[in-house]
Student: 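The structure's right below; bear with me while I get my questions together.
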Amino acid sequence: MDAHAYDALVIGAGISGMQAALDLAEKGYQVLVVERQASIGGTMAKLDKTFPTNDCAICITAPKMVELARHPNITLLTSAQVERVAGSVGHFEVTIWRQTTYVDPEKCTGCGDCARACPVEVADTFNGRLSRRKAIYLQFPQAVPAVYTIDYAQCTGCGACDRACGPGAISFLRRSQPLTVTVGSIVVATGFEVLEPTELRREYGYGRFANVLTALQYERLMAASGPTDGHVTRPSDGQAPRSIAWIQCVGSRSTQGGHPYCSKICCMYATKEALITREHAPDTATTIFYMDLRAYGKDFQQYYQRAASHGVRYVRSRPASVSENADQSLLLEYEDTLTGKVASETFDLLVLSTAVVPPPENRRLAQALGIAVDEHGFFVARDALRAPLHATREGIFLAGGAQGPNDIPDCVAQASGAAGLAAVPLSQRQRTAEPVPPAERDVAAEAPRTGVFVCSCGKNIGGFVDVEAVTASARALPEVAFAEACTFACSEDAQRKIRGAIEANGLNRVVVAACSPITHGPVFQQTCAEVGLNAGLFEMANIRNQCSWVHSSEPGPATTKAADLVRMAVARASYVKSLPVQTIEVTPGCLVIGGGAAGMTAAITLAEMGIEVVLVERETVLGGKLNLLGKLAPNDLPASTFREHLVHEVQRRPLIKVFTGTEVGEVSGHVGNFQVTLDGGLGEAITQVQVGTIIVATGFREIDLRGRYGYGDDPRIITQLELERRLRDGTLGKPRSVVMINCAGSLDAENPSCCRIGCSVAVKNARLVHQAAPGTQVFLLYQDLRVYGKGQEEAFTQMLAEVAPQRIRYDAERPPRVSLEHGRIMVTVYDTLLRDELEVEADLVVLTAALRGDIETPRLKQMLKVGANAQDFYHEAHAKIRPLDFTTEGIYLCGGDHYPRSIPDTLAQAAGAASRAAIPLLRGRVKVEPIVAEVEAARCSGCGLCVPHCPYGAMRLDPERGVLVIEEVLCKGCGTCVAACPSGALQQRGFADAQVLAMIETAWEGALV
Amino acid sequence: MTTSLETQLRSRAHDLLAEGVVELFLGYRQGSNPLRVAPFVARTPLETAKLVWNAVCVPNLAGTLAKHAGQRIGVALKACDAQTLRELLKLNQLERSRLYLIGIGCEGMANPEAITDAAPGRVTGLAEAGPDLVITTADDVVRRERGTLLLTKCATCTGMPTDFCDEWLGEAPPAPPTVPAERFAAVQALATLAPAERLAFWSEHLSRCTLCYACQTVCPLCFCKECALTLERDHPRRQAREPMTIFAYHLMRAYHLADRCTGCDECSRVCPEDIPLNLICRKLEQDRSQV
Amino acid sequence: MSEPFEPKIVGLLCSWCAYAGADTAGVSRVQYPPNLRIVRVMCSGRVDPLFVARAFEHGADGVLVAGCHPGDCHYLSGNNYAEERFAKFAQLLDFFGLDQRRFKLAWVSGSEGARFATIVAEMTEELRALGPLELKVQ
Ligand code: SF4
Ligand code: SF4
Ligand code: SF4
Ligand code: FES
């Protein structure tokens, strides 16, 4: 068999797989994506919202799905699985089994006539079996590819669908087939599933009581596209529940009752579900029964507090059992672990936050790939600390839920990281050149001929807005040459029709009236581009999110409004112009700021991809925090050993130029071409470097606790970082008692954040203290034990067994007090579990200090024109799906300067940032923002009023000509300057005065009242 | 009869042109009647004989100055002209190094309307006599204290910017320590009205506006090459002369001038419909003084 | 004349937060009165007061300008400028006697769908009470 050759294979196309595939494809590598399901999107496509920003999950997933399906360097195989992998890195030979779905993807239009004809009804697994679908079905409305699939296990072979299918897409003769391909490297991103607690934890009644759901099922109930259109109702009677309870850790954190690990995401998604439930239905009582509330990510603690202040009730407890009442509500018995009281309470609906578990499929796949899984079935890393993304076979990399519970940003970061590492074995390969954009029609001289496509989005629009009437009113507008209604404008089939209509009618403007331009604009712009219409000639009218969905009780006014919105869009379209796509050449090379574990790893990964790196470290030695730490979790590797290893790896690579004792002086320029001055300090040389991209990896710092907890008053009161140093140097001595106080300076009014790593650090160091001084009594004062990271929960359990520390839970309202009495250190604390004030004498007090971003952040953020929060942690471009990017293009971040994280996570992020930063460098050119501001020199009076308004310093006055000049690559297209110009000399491409005014001035023309 | 200030001015202008310090000298010449003057540019020493300086030199020279930007130019400035000029310099519309500024000890300009009120009939002559103005008409000669005839803006003049001029002619009047309260009396009164009454006030006045744009044309601080508010006059959506169209124009004109209007009141001077545009100027000035 | 007065509102929304918030209102199916027509711009900093004046000129009874919360502007400071400009502009509206309630500047994040809906509902209510923008000119 002639095997088709690809550069890389990505297994699984959830958010991780998609990100990995896109990262590789963007670098110019040919990627094969193999997905087991009929549609890509994974678990994220099932979610309603994402924490802590409450972003709509499908809204941010769908564009990625579409981007992947459309990417010229990506080949997508759905309903397929990997059978066998022979060969070795660089030359893997992969056998893939393509399961037939009996539907020809080329012919299927996604119309759904087949499903209407199909007589077989089965439970809809996508909706958590809360609704029913047919044996031939589309997984969900935004499925990619938008092709119907026959569920072979359920199909009776009656042939009704075949007879109903207009285009004749269905054929029962289509056979499943094996396929052999060759690839250079492989990314495994098979995701996770959630436990169905029918065996384990059956005491909660799941499967027996109708109104007990898993959190993923609840997610579908909340989802606007779910079985109840987003109205939360009880499965038993369809009534809105008045009270809902969540039980946390169902099947997690317990070896007897499930799995020993912490599932990591449940506290936050339960918080999200409860919060959003209350936002929708403020009278619903929501209660979360938890063990420890692990709100340890960036802004998680604030999110948790917001939920609590919105009336979500949190009960620290141990739920015992559930029984069903006559009205099918549920009686929950639990022990409140704060009061020690046993109580019982009735809820209309019970949601179980069940354990994250690996797909059972993993074990088979592990065999096929020749890599290892752990006892649970998650794939294991070659070295959990130092190579968290490498599988146990060379050339195979891991990302996301496949290797354990992870939240979305961690998945995305790992996916980018895996893509970066997977690009390494490919570095000698020829990359696919930048595709030549399709030729564009020059329509500048033509009078507007606008085509209008009005989408009914199934019932989403059509159910409330008279789509035909809107189409007819559009047709009546003078500029409109063609208007048509369609069912799903974004379906591949409809897009084909749009392309056809553009060509057949010589359309030179296109208006799609459908959902939001934010999520779907690019999709249609691409469609237009394929038939030669520039993206700028496309316009969208948002008649779903901003009309049908929000006026569903007023179909008349909703229809009028939709017609108005279309008229406005058409008016604007008459003034739009092509937006030229400009590209600029990229200077090779990447600057990495910060020479700690993150910076060094990023530098090494880049160098391995064949990219030159300038690595700048402020201190005189590389290593960052590794220079201060003792031993590292999870395998007690001395930090110094790891540091040596990394430094050696950096130094042996000639592509990496290291500048130690050096600070970044000034940064100017833009993606593709940054000029940076490196300041070697007093009397040292100032070096100028030019790079194409920049990675910021400046790490974090402990806050200054002086004046609190007696810190600074006595050398026996230290921070965790200082303890690490003593452990490392063997200067701990033999303290009889060590009191660790967690959350020192965290979780209070001044700094509401949770530092994330503090609990794990305390757990690790408690063990190391115990090993160094076995007789020591360790006291652990905590608020919630939020151990975070892969394997940490297990380490925590082990520590409890080994060290037997005295655990004392305190409350933020009554924090521990440290006092010095005649040379003795006394710690007084109110134990909220014993409900008693305790006094402990300490030989050593160790404060787990709150963490902040690097001290240089305020300066650096100005220079790089990026943002940071009050704790000096940088703002990533998007909390969920762009955790490694800044909004400023060409600059990326990783490690503790984003938020404190474990070393394996830091390394994964660093590889990920390297992967992101490599994209422009490997492509060689970057695109300039098309919607920049422009000056009409003839109208500019040179008054300079606009200049201070540009946040990016993109404008200056030309003193010679006395007019304004804009540096287009620096302009981000906000248009702030345009509004500042009294003369109308500035315009923003795509948002010119004439274009915006056309909408404003036609908004109420011909209005209803 | 020429006043001594006028003589001094002519001779300074003559010398500056003769010595080549400036290429042009900007001042006033007599207009069609004794109550009118017009901006005048002398290009040769000889032409300086036409320059006048009297009690009705009202037009703001800063705007005319801007039209000659790029040339070396001398100018005789009143306090209000100087304030406008200072704004124009801030906005890069003129280069200070190309200007030769002669500050004039202006005692406030007379309001032509007040003059004709005081001396009905065709005015044939106007002269200064100490603190008084002597108005000659066909059949009378009226003598009035200058202070009683002043324009409101002059009566409440806020003075010449300090260290601004290259030289000085006449007594520099002392700048008032604080802005006289009467300057804002009228806007203050307007502010005490209920919004609906204010709306009625402006509706009444603005209903006379013909959108002739004289106010925009004369404004020395409307320096745009083309006014964005009056553009596209032939656009189909710009044909309406609805009240709101007129409001929108005045609202935006005020907004554009918000940070710069110095209250020279040129707009209300030229408005053929006598719309009290100076109230807008006072409002802007007041808002700024409160910041 | 028994038809109740339905105000006409034009909304100028920044793409990153306010417009996204309006989208979120939709995703969450939060209902609000159908009296608003939304125009998307990239940033509230792009909104020229002229747009507001023109909206009034062309039939709007009220104008809503909305952007990201202070500190959240996708372009760092566009909303600060918007705030500055519209403070000035609102003063002038008042000076000319146009009721200040006809113009509103609001900050709405991408996740504040419900809040967006409330803002629109409240504004619609206020304008209903206020009546149409009519300049009586003899
Ligand atoms: S549009 Fe925004 S980024 Fe571009 S030049 Fe104007 S102010 Fe600067
Ligand atoms: S504000 Fe307008 S006229 Fe003034 S310098 Fe800028 S572009 Fe030119
Ligand atoms: S000069 Fe008077 S009439 Fe002419 S546009 Fe101005 S206010 Fe209106
Ligand atoms: S992007 Fe929303 S206000 Fe600037």
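Letters A, B, ... mirror the listed sequences (proteins, then strands); counts begin at 1. Every value quoted in this text rests on a predicted model; they were computed, and no experiment measured them.
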Student: With rounding to the nearest 0.5 Å, note down the distance linking OG1 in C:Thr24 to NZ in A:Lys49.
Tutor: 7.0 Å
Student: What are the two closest heavy atoms between C:Tyr19 and A:Ser516, and how far apart are they?
Tutor: CE2-OG, 3.8 Å
Student: On the 0 to 90° scale, with breaks at 30° and 60°, tag the C:Tyr32-A:His551 ring pair as parallel, tilted or perpendicular.
Tutor: perpendicular
Student: Quick check on C:Val41 against chain A: is it the side chain, the backbone, both or neither that has a heavy atom closer than 4.5 Å?
Tutor: both
Student: Go through C:Leu12 and A:Ile1000 one step at a time and tell me if the side-chain contact (heavy atoms from CB on, under 4.5 Å) criterion holds.
Tutor: CA-CA 9 Å; C:Leu12 292 152; A:Ile1000 293 174; 3.7 Å; yes
Student: If you compare all heavy atoms of A:Ser553 against all heavy atoms of C:Gln31, which two are closest, and at what distance to 0.1 Å?
Tutor: N-OE1, 3.7 Å
Student: Identify the residue among C:Cys43, C:Ser44, C:Ser77 that makes a side-chain contact (heavy atoms from CB on, under 4.5 Å) with A:Thr976.
Tutor: C:Cys43
Student: Identify the heavy atoms of A:Gly973 and C:Tyr75 that sit nearest to each other, and give their distance.
Tutor: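 For A:Gly973 and C:Tyr75, the tightest heavy-atom pair comes out as O-OH, 3.7 Å.
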Student: Which distance, rounded to the nearest 0.5 Å, do you find between the CD of C:Glu6 and the OG1 of A:Thr560?
Tutor: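 Rounded to the nearest 0.5 Å, the CD-OG1 separation comes out at 11.0 Å.
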Student: Determine the option with the most heavy-atom pairs under 4.5 angstrom with chain C, choosing from A:Leu565, A:Asn542, A:Ile276.
Tutor: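 The residue among A:Leu565, A:Asn542, A:Ile276 with the greatest pair count is A:Asn542.
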Student: Does a sphere of radius 6.0 Å around CD in A:Glu889 hold more than 12 heavy atoms from other residues, nucleotides or ligands, not counting ones at 6.0 Å or beyond?
Tutor: no
Student: Does any backbone or side-chain atom of C:Phe116 lie under 4.5 Å from a heavy atom of chain A? Answer side chain, backbone, both or neither.
Tutor: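 No part of C:Phe116 comes within 4.5 Å of chain A.
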Student: Using every non-hydrogen atom in the two residues, find where A:Met568 and C:Ile38 come nearest and quote the distance to one decimal.
Tutor: CE-O, 3.7 Å
Student: Side chain, backbone, both or neither: which part of A:Ser548 has an atom under 4.5 Å from a heavy atom of chain C?
Tutor: neither
Student: Does A:Glu876 have any side chain to side chain donor-acceptor pair (under 3.5 Å) partners at least two apart in sequence or in another chain, and if so, which?
Tutor: A:Lys298, A:His898
Student: A:Glu1001 side chain to C:Phe51 main-chain N or O, any donor-acceptor pair under 3.5 Å?
Tutor: no
Student: Can you name the side-chain contact (heavy atoms from CB on, under 4.5 Å) partners of A:Glu554, sequence neighbours left out?
Tutor: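 A:Pro557, C:Pro34.
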Student: Evaluate side-chain contact (heavy atoms from CB on, under 4.5 Å) for C:Arg29 paired with A:Ser552, printing each intermediate quantity in order.
Tutor: CA-CA 8 Å; C:Arg29 307 294 198 283; A:Ser552 43; 5.7 Å; no
Student: So which residue, C:Ala55, C:Ala22, C:Gly78, C:Gly59, ends up with the most heavy-atom pairs under 4.5 Å with chain A?
Tutor: C:Ala22
Student: Is it the backbone or the side chain of C:Val10 that comes under 4.5 Å from a heavy atom of chain A, or both, or neither?
Tutor: both
Student: Check each atom of C:Pro33 against the heavy atoms of chain A and say whether the ones under 4.5 Å are side chain, backbone, both or neither.
Tutor: backbone
Student: Please assess C:Arg85 against A:His949 for the test side-chain contact (heavy atoms from CB on, under 4.5 Å), listing each intermediate value before the final yes or no.
Tutor: CA-CA 11 Å; C:Arg85 284 174 199 155; A:His949 289 239; 2.9 Å; yes
Student: Please identify, among C:Asp48, C:Asn80, C:Asp23, C:Val39, the residue contributing the most non-hydrogen atom pairs under 4.5 Å to chain A.
Tutor: C:Asp23
Student: Rounded to the nearest 0.5 Å, what separates atom CZ in C:Arg40 from atom CZ in A:Arg572?
Tutor: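 Atom-to-atom, C:Arg40:CZ and A:Arg572:CZ are 7.0 Å apart.
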Student: For C:Arg46, is there an ion pair with A:Asp993 - N to carboxylate O distance below 4.0 angstrom?
Tutor: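 Salt bridge between A:Asp993 and C:Arg46, a charged N being under 4.0 Å from a carboxylate O: yes.
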